[in-house]
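Just the heavy atoms: all of them, side chains too, but no hydrogens, waters or symmetry mates, feed the values below.
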Amino acid sequence: MSENAHTPDLTIAPLINLGMGMNVIITVEGVETEEHIALLREMEVDYLQGYAIARPLEAEAVADFVHTFVLGTGDADTPLLALYQHLGWVHAAEGSAMNHGDYEHVDLAACPITAWLHTHAPELPGVEALLAEHEVVHALGREILQVRQSGTREELHRLLGQLHEHGYRFQEGLGRAVRAMRDNAAA
């Protein structure tokens, strides 16, 4: 799933969505942590393979494994699930700006990543900057919704560019903060 076993590559989401849209059976390999399981369950992937499931088995051990195996629930306290849900909302806002479709704006307080950031604030370096950048992303989403109803296409494109810029900045900052948090916990 990723070169870093602790951070699943979120670029896998479009591939999973494409496969599901084509009614193809999806099997994700490289599932190495409970975080991976949690994220893939959120994405509704049914078939997983990797060390979080089992290490390679001798042929005679497979039957016992199949009879006794229980899939873990996944790490519920991961930013990945919250970020995945947040990104779904961001993509809906982008789609609304481009296609003039409807989307439901998620209030900043209701966004799962907000709760995760507040819960882990004491452990996260630079959490104030992350919270501020996250707030900007949500403000831009609200503005896109308002401008889409009465604004110009140029305004929407300007806002969409800002949404991309701030969304990317937020994701990069979150990744750095989570890595630092984990490094500090390991030290």
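With rounding to the nearest 0.5 angstrom, the CG atom of Leu140 is 10.0 Å from the CG atom of Leu160. With values rounded to the nearest 0.5 angstrom, His164 atom NE2 is found 11.5 Å from Leu159 atom CG. Once rounded to the nearest 0.5 Å, the distance linking CD of Gln49 with CD of Glu29 reads 5.0 Å.
In this structure, the side chains of Cys111 and Trp116 stay at 4.5 Å or more apart for every pair of heavy atoms. Taking 4.5 Å as the limit, some side-chain heavy atom of Val90 sits within range of a side-chain heavy atom of Val137. With a 4.5 Å cut-off on side-chain heavy atoms, Arg169 and Glu172 do not count as touching. Between His118 and Leu131 the shortest side-chain heavy-atom distance falls below 4.5 Å. Put simply, the side chain of Asp64 does not reach to within 4.5 Å of the side chain of Leu57, judged on heavy atoms.
In this structure His157 satisfies the side-chain hydrogen bond (donor to acceptor under 3.5 Å, both in side chains) test with no other residue, sequence neighbours excluded. When the side-chain hydrogen bond (donor to acceptor under 3.5 Å, both in side chains) test is applied to Glu155, the partners found at least two apart in sequence or on another chain are Thr152.
Tyr168 and Leu117 fall into different hydrophobic clusters, where Ile, Leu, Val, Met, Phe, Trp and Tyr side chains are chained together by heavy-atom contacts under 4.5 Å.
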Test log, rule side-chain contact (heavy atoms from CB on, under 4.5 Å), inputs Ile113 and His134: CA-CA 9 Å; Ile113 202 75; His134 185 233; 2.8 Å; yes

Criterion side-chain contact (heavy atoms from CB on, under 4.5 Å) on His138 and Glu135, from CA distance to verdict: CA-CA 5 Å; His138 277 267; Glu135 188 173 339; 5.9 Å; no

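Among all heavy-atom pairs drawn from Leu130 and Ala177, the shortest one is CD1-CB, 3.7 Å. Closest approach of Tyr47 and Ile26 over heavy atoms only: CB-O, 3.4 Å.
Of the charged side-chain nitrogens involved, none lies within less than 4.0 Å of a carboxylate oxygen, so that Arg158 and Glu154 do not count as a salt-bridged pair.
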